Amino acid sequence: MRLSRAFIPTLKETPSEAQIVSHRLMLRAGLVRQHTAGIYNWLPMGARVLKNIEQIVREEQNDAGAQEIIMPTIQSGELWKESGRYDDYGPEMLRIKDRHDRDMLYGPTHEEVVTDIFRNNVLSYKDLPMNLYQIHWKFRDEVRPRFGVMRGREFLMKDAYSFDLTFEAAKHSYNQMFVAYLRTFARMGLKAIPMKADPGPIGGDMSHEFIVLAETGESAVYCHSAFLEKPIPLVVDYNSDLQEFVDIWTRDYAATDEEHDQAISKELGDKMIEARGIEVGHIFYFGQKYSDPMGAKVAGPDGEMVTPYMGSYGIGVSRLVGAIVEACHDDYGIIWPDTVAPYRVGLINLKVGAEETDKVCDKLYKDFSEGGLSALYDDRNERAGVKFSNMDLLGMPWQVIVGPKGLKNGTVELKRRATGERQELSLESVMSKLTAHHNAEKQSGAGG
RNA sequence: CGGAGCGUAGCGCAGUCUGGUAGCGCACUACACUGGGGGUGUAGGGGUCGUGGGUUCAAAUCCCGCCGCUCCGACCA
């Protein structure tokens, strides 16, 4: 994309409503604009990041054996009366009447709908286990939306729902999602720590929140320093027993503010990390809570009808954009991890209109796109300083700077946004270096 | 939902107390100079002052209603 043609409205000054750094930077870098309280427009840069994140989530869900579906945003109230939640859910649920005066609602979550799909279409234990997910917009009429997209009312969420014949099998489904989540967040360059969450009325220990550590996180969190060193599984056989791996990630202490035990802090001493965190995922097992009242049953091996055991697994996709900015920025702007960056490369032409620089930039721009490296080409007739600070604000992980000085020696400059490290390289080495990095990342599946 | 505050050009703000021609900086347009970290100058364009009513010769300014947004608390992917 040529910057001269791109719709990227940047701001020098921060709009007064933005309090936290991710919100400020997302507005300043032109990712989003607020439509109304807690509801956002996603402009081209924001939309690209959102799509990248969505795709990583999708790939990892598919790898883990989940199948993508799309459920409606507007739901019938009748299903919620069956599960009993129509009365329980409260004003957070946006309720609507259609023209026939029927009770409808904008879905805040989809347990009822997915259970309805299941009971109407799945008849035999042979179809289990089954895990269905979607990546779709939800609406929860929060009392007080804030922090930009981190606590919006409308938000993009990946929600998966598993169905199993037995508790043991359900536990395996839970573990599959657990591992998939570790991989998903790692691929985005995030350190996400699973913390035991309030298990709710079902009890047990099968509920975890995945928390990204960030200075400006919304809540205080506590965890053992061992979490910073734990391995992310690069290659996973999701059919194998994952319990051992899950145990590694759950044996050390980690708790959110509400669950925290101050005594353990003392016990762990300097091994205890006290930090701020952002919840980006939440998985839980809830057994027959919905399948039972809604009458979802399959025929078991012996012909008896069995009510399946369920779990649900959420990732806040739009929230992740904010969380990544919270975790990856400096005084100059955003520092996108390679895997989610709106463009991989920011190409800066320092002297637009000069034959040499124009020619080299055109060639690089073409080579990047042919090599599968998305590039944002700053071809505007602006001063160098404007382009540098603008590209730093936008946060492309690599910058390729083409100016008359370097070209005299046949070189261009490659800058790593995260470290500020700069190298003078020939055109060929720039291409090969970026391509090599890109390929290495694809192979490992966990770049960043 | 309790408490507090704010709505004036795309963004940041002044003007409101004490009523009298709607301003400043950035951004935007044009031209010139400049040209490796948000440069300089000149000339421009853009606002029914959130909205409805009231008081007044006269309302951004005073009074009343409504709408919207933000912040602090209790709640949440």
Side-chain angles (χ1 to χ4, degrees), chain A residues 9-20 23-24 27-28 30 33-39 53 57 89-93 107-111 135-160 181 192 197-198 200 207-212 218-219 256-258 277-284 312-323 331-333 348-354 357 378 380-394 399 401-408 412-413 415 420 422 424:
Chain A
T10 56
L11 301 171
K12 263 191 184 177
E13 285 170 288
T14 306
S16 56
E17 78 261 20
Q19 296 298 312
I20 64 168
H23 192 194
R24 282 187 227 135
L27 289 169
R28 287 195 53 213
R33 288 292 184 266
Q34 180 166 306
H35 171 75
T36 186
I39 301 178
I53 293 173
V57 170
Y89 212 89
E92 229 182 48
M93 185 158 77
T109 180
H110 283 70
E111 280 84 4
I135 299 173
H136 217 196
W137 293 92
K138 304 246 184 294
F139 191 90
R140 294 184 191 173
D141 201 356
E142 296 279 345
V143 194
R144 191 183 158 207
R146 58 186 133 171
F147 304 146
V149 300
M150 300 257 280
R151 179 165 313 290
R153 293 194 291 172
E154 186 181 60
F155 55 96
L156 187 61
M157 183 181 180
K158 187 284 296 182
D159 46 323
Y181 275 34
D198 178 9
S207 177
H208 288 89
E209 292 179 9
F210 286 74
I211 307 276
V212 168
E218 56 191 326
S219 54
T256 56
D257 210 8
E258 312 86 67
I278 302 164
E279 181 184 352
V280 291
H282 195 165
I283 60 178
F284 47 96
S312 77
Y313 316 91
I315 289 179
V317 177
S318 49
R319 171 181 283 186
L320 269 168
V321 181
D331 290 347
Y332 301 103
I348 296 180
N349 185 345
L350 285 181
K351 194 162 186 181
V352 172
T357 48
D378 192 345
R380 298 172 306 165
N381 187 16
E382 289 286 352
R383 295 173 65 87
V386 172
K387 297 191 174 193
F388 288 140
S389 45
N390 205 235
M391 201 59 85
D392 283 348
L393 172 64
L394 296 179
Q399 291 174 17
I401 300 155
V402 179
K405 281 185 189 172
L407 287 186
K408 272 184 198 154
V412 298
E413 194 171 308
K415 175 179 159 185
R422 292 153 180 269
E424 296 281 339

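Convention: sequence-line order gives letters A, B, ...; per-chain numbering from 1. Just so it is clear, the structure is predicted and the values come from calculations on it, not from any experiment.
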Once you round it to whole Å, what is the distance between [atom2] of [N] and [atom1] of [X]?
| X | N | atom1 | atom2 | answer |
| --- | --- | --- | --- | --- |
| A:D141 | B:A77 | CG | C1' | 15 Å |
| A:R24 | B:C71 | CZ | C1' | 14 Å |
| A:H23 | B:C71 | NE2 | C1' | 13 Å |
| A:E92 | B:A74 | CD | C1' | 13 Å |
| A:N390 | B:G36 | CG | C1' | 16 Å |
| A:R380 | B:G36 | CZ | C1' | 15 Å |
| A:D378 | B:G35 | CG | C1' | 14 Å |
| A:H208 | B:A77 | NE2 | C1' | 17 Å |

Judged by atom type as modelled, is there a donor-acceptor pair below 3.5 Å linking the side chain of [X] to the main-chain atoms of [Y]?
| X | Y | value |
| --- | --- | --- |
| A:Y181 | A:G314 | yes |
| A:R140 | A:P108 | yes |
| A:K387 | A:N349 | yes |
| A:R33 | A:L27 | yes |
| A:R24 | A:Q19 | yes |
| A:R319 | A:E279 | yes |
| A:R28 | A:L11 | yes |

At 4.0 Å (heavy atoms only), tell me whether [X] reaches a base, stays on the sugar-phosphate, or touches nothing.
| X | value |
| --- | --- |
| A:M391 | nothing |
| A:G403 | base |
| A:D159 | nothing |
| A:T14 | sugar-phosphate |
| A:G152 | base |

Could you go through nucleotides 67-70 of chain B and list every protein N or O atom that sits under 3.5 Å from one of its N or O atoms, giving the distance for each pair?
| from | atom 1 | to | atom 2 | distance (Å) |
| --- | --- | --- | --- | --- |
| B:C69 | OP1 | A:T36 | OG1 | 2.4 |
| B:C69 | OP1 | A:A37 | N | 2.9 |
| B:C69 | O3' | A:Q34 | NE2 | 3.2 |
| B:U70 | OP1 | A:Q34 | OE1 | 3.3 |
| B:U70 | OP1 | A:Q34 | NE2 | 3.3 |

Between A:R380 and A:V352, the two heavy atoms sitting closest are O-CG2, 3.3 Å

Could you let me know what [N] is paired to, Watson-Crick or G-U wobble, both distances under 3.5 Å, or none if it's on its own?
| N | result |
| --- | --- |
| B:C17 | none |
| B:C24 | B:G12 |
| B:A30 | B:U42 |
| B:C67 | B:G7 |
| B:G47 | none |
| B:A74 | none |
| B:A58 | none |
| B:G36 | none |

Between [atom1] on residue [X] and [atom2] on residue [Y], distance to nearest 0.5 Å:
| X | Y | atom1 | atom2 | value |
| --- | --- | --- | --- | --- |
| A:Q399 | A:R422 | CD | CZ | 7.5 Å |
| A:L350 | A:T357 | CG | OG1 | 8.0 Å |
| A:F155 | A:K138 | CZ | NZ | 7.0 Å |
| A:H110 | A:S312 | NE2 | OG | 12.5 Å |
| A:M150 | A:I278 | CE | CD1 | 3.5 Å |
| A:F210 | A:L320 | CZ | CG | 12.0 Å |

Under a 3.5 Å cutoff, is there a donor and acceptor pairing between the side chains of A:S207 and A:H282?
yes

Using a cut-off of under 3.5 Å, enumerate the N/O to N/O pairs linking the protein to nucleotides 5-9 of chain B.
none

Take atom [atom1] in [N] and the same atom in [M], then report the distance between them in whole Å.
| N | M | atom1 | value |
| --- | --- | --- | --- |
| B:C67 | B:U51 | C1' | 7 Å |
| B:G2 | B:C75 | C1' | 13 Å |
| B:U21 | B:C17 | C1' | 22 Å |
| B:G47 | B:A60 | C1' | 11 Å |
| B:C13 | B:A9 | C1' | 12 Å |
| B:G25 | B:G44 | P | 14 Å |
| B:C6 | B:G15 | P | 12 Å |
| B:C66 | B:A58 | C1' | 26 Å |

Taking only the side-chain heavy atoms of A:S389 (C-beta and beyond), determine which of B:C75, B:G37, B:C11 contains the nearest atom.
B:G37

With respect to the side chain of A:Y332, which nucleotide from B:G37, B:A77, B:G12 is positioned closest?
B:G37

Taking for each residue the nucleotide of RNA chain B with the nearest heavy atom, is it A:V143 or A:R319 whose nucleotide lies nearer the 5' end?
A:V143

N/O-N/O pairs, protein side and nucleotides 26-32 of chain B side, under 3.5 Å:
| from | atom 1 | to | atom 2 | distance (Å) |
| --- | --- | --- | --- | --- |
| B:A27 | OP1 | A:K12 | NZ | 3.3 |

Any donor-acceptor N/O pair under 3.5 Å between [N] base and [X] side chain:
| X | N | result |
| --- | --- | --- |
| A:K415 | B:G37 | yes |
| A:N381 | B:G35 | yes |
| A:R383 | B:G35 | no |

Do A:F388 and the base of B:G38 stack face to face, with centres under 5.5 Å apart and an angle between planes under 30°?
no

